[in-house]
2 protein chains.
Amino acid sequence: MSPVGLHVIPVTGMGEVRPGDVLATLILAAAPPLQDGDVVVVTQKVVSKAEGRLEPVDPDDPASHKALVEREAVRVLRRRGDLVITETSHGFVCANAGVDLSNVERGYAALLPLDADRSARRIRDGLRGRGGVEVGVVVSDTFGRPWRRGLTDVAIGCAGVAGVADLRGSTDSFGRPLEVTEVAVADELAAAAELVMGKARGIPAAVVRGVDPTWLRESSVAAELVRPYHEDLFR
Amino acid sequence: MSPVGLHVIPVTGMGEVRPGDVLATLILAAAPPLQDGDVVVVTQKVVSKAEGRLEPVDPDDPASHKALVEREAVRVLRRRGDLVITETSHGFVCANAGVDLSNVERGYAALLPLDADRSARRIRDGLRGRGGVEVGVVVSDTFGRPWRRGLTDVAIGCAGVAGVADLRGSTDSFGRPLEVTEVAVADELAAAAELVMGKARGIPAAVVRGVDPTWLRESSVAAELVRPYHEDLFR
């Protein structure tokens, strides 16, 4: 592999994840040998499954799913037809409060992790303890957004890798202060990882190798990436 | 290089781009040898420079920049202090109508390309004609977004690589129809490329190698990724 640039490697063959499974162990068994400085991106779906964040729903009654969405939402921002745009207890704005039926056993829905930063830390600590590697971890989920069609993967939790890289004090190639100083690195890592996952293929994790070492630090999506209600111009 | 996964390679050493420069030529000279199926991500800044989309501004008078923003905006959605969230003639929602002073010679501002899909096609055609390679091209820019802090790179133009990958008709690993069927591939490619560019380092392009070959097709950001006003729930 060339040492220049990033390498994004899908983690295949993890198998179906069940409540109580230790994700760090499953990742170490399925991923290519991890290296210090790698970032491991893990999808919300397997994190929720491992943490037992599954709720029974009646697969033949859409009202059963809808009731769960209403329960998980702290605020409904918009409704159109079957689409419900919600704010969750974590401060995420997404469809259906993150309650998701895809890639979950029939009769169950997956809820978001209670605290995906903590989930990321747990995986990071597990990879350190069981694998002896110092890596960053991003927990990703697939969200829509205003203004633009299509969905992208974003970070809902992180540990050991920056949520936002702060470039304040840096200058551009002409020596002037940068206008863009806050790059949402964890979201871009989640997006890069999605490119090798594929919704239909059900690949639940990816390794990003070659990230800027200055991004590897203590971090939190809640503190760095969630825009508080009072700062938001569109709620 | 491992054949598995994606490789994101920064294109360094392109030098300062000037009006009239042919980007395909500069990219071919600076990039690693391109291969069929690569996606080349090029930042808006160098596209705007090559296309002469530069306007004089008085560097000592912020009102001069502001007047340009008002001229380029077709609609102002929100104002807070110096922050102006605008809709552009292309339908993009971004700060300052995309008028940008960073990494531009003092005394000038860069405007968005008039039609970045056409810019992408021109670069794609140039790489085909001058380099004999069949690649996709994404023109990227750095935008903020509601709900979340930090900025990410998104696609403002594309050619030869999907804006949105349509997974309708696909099923999940349990055989059920997917809930997420429209992945904004071009935005995720732009985000992945940003990870190797770095605002301060001023790297203006990156090559993404190893993308899903089904994404390589005729495409357009305007048609696939820009959400029309009447579809948007937050304008």
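Note that the coordinates shown come from a computational prediction; the quantities given were computed from them, not determined experimentally. A, B, ... follow the sequence lines: proteins, then strands. Residue 1 opens every chain.
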Exercise for review: Quick one: do Arg176(B) and Arg106(A) satisfy side chain to side chain contact (heavy atoms under 4.5 Å, CB included)? Show the steps, please.
Suggested key: CA-CA 9 Å; Arg176(B) 271 172 322 186; Arg106(A) 185 176 154 87; 3.9 Å; yes
Check your understanding: Out of curiosity, Tyr229(B) OH to Trp147(A) CH2, how far, rounded to the nearest 0.5 Å?
Key -> 10.0 Å
Check your understanding: Counting only heavy atoms not in Asp61(B), do more than 12 sit closer than 6.0 Å to its CG atom?
Key -> yes
Practice item. Under the side chain to side chain contact (heavy atoms under 4.5 Å, CB included) rule, what do Asp153(A) and Glu188(B) come out as? Steps first, then yes or no, please. Key: CA-CA 8 Å; Asp153(A) 272 22; Glu188(B) 294 190 330; 4.0 Å; yes
Study note, to complete from the structure: Highest number of heavy-atom pairs under 4.5 Å with chain B among Val104(A), Val207(A), Val183(A) belongs to Val104(A)
Study note, to complete from the structure: Checked Asp212(B), Leu151(B), Thr12(B), Val211(B) vs chain A; the most non-hydrogen pairs under 4.5 Å come from Leu151(B)
Exercise for review: Would you please name every residue forming a ring-ring contact (aromatic ring centres under 6.0 Å, His included) with His90(B), sequence neighbours left out?
Suggested key: Phe92(B)
**Study point:** Proximal component of Asp100(A), with respect to chain B [non-hydrogen, under 4.5 Å]
**Key:** both
Revision key, fill the gap. Pro10(A) and Gly5(B) have their tightest heavy-atom pair at CD-CA, 3.7 Å
**Study point:** Donor-acceptor pair, side chain of Asn103(B) and main chain of Ser173(A), under 3.5 angstrom
**Key:** yes
Practice item. List the steps, then state whether side chain to side chain contact (heavy atoms under 4.5 Å, CB included) holds for Val154(A) with Arg148(B). Key: CA-CA 10 Å; Val154(A) 296; Arg148(B) 297 176 75 81; 3.9 Å; yes
Exercise for review: Compare every heavy atom of Glu231(A) with every heavy atom of Arg149(B), then report the nearest pair and how far apart it is.
Suggested key: NH2-OE2, 2.6 Å
Check your understanding: Is it the case that Thr152(A) and Asp187(B) place a side-chain donor and acceptor less than 3.5 Å from each other?
Key -> no
Point to revise | Interatomic spacing from NE2 in His7(A) to CG in Leu6(B) - rounded to 0.5 Å | key: 8.0 Å
**Study point:** Contacts of Asp117(A) that satisfy salt bridge (Lys or Arg N to Asp or Glu O under 4.0 Å) - sequence neighbours left out
**Key:** none
Review point. Got a second to check how far Leu101(A)'s CG is from Asp172(B)'s CG, nearest 0.5 Å?
Key: 9.5 Å
Point to revise | Other residues, nucleotides, ligands: >12 heavy atoms within 6.0 Å of Tyr108(B) OH | key: no
Study note, to complete from the structure: So, the part of Arg145(A) with a heavy atom under 4.5 Å from chain B: the answer is both
Point to revise | chain A contact via Ala162(B) - which portion, at a heavy-atom distance below 4.5 Å | key: neither
Point to revise | Closest heavy-atom pair and its distance - Leu195(A), Val185(B) | key: CD2-O, 4.1 Å
Exercise for review: For chain A, find which of Val164(B), Val196(B), Leu233(B) contributes the most heavy-atom pairs closer than 4.5 angstrom.
Suggested key: Leu233(B)
Practice item. Pick one of side chain, backbone, both or neither for Leu189(A), based on which atoms fall under 4.5 Å of a heavy atom in chain B. Key: both
Point to revise | Residue, of Gly150(A), Ala184(A), Ala192(A), that accumulates the most heavy atom pairs under 4.5 Å with chain B | key: Ala184(A)
Practice item. Heavy atoms only: give me the nearest Phe234(B)-Ile85(A) pair and the separation to one decimal. Key: CZ-CG2, 3.8 Å
Review point. Does CG in Asp60(B) sit with more than 12 non-hydrogen atoms of other residues, nucleotides or ligands closer than 6.0 Å?
Key: yes
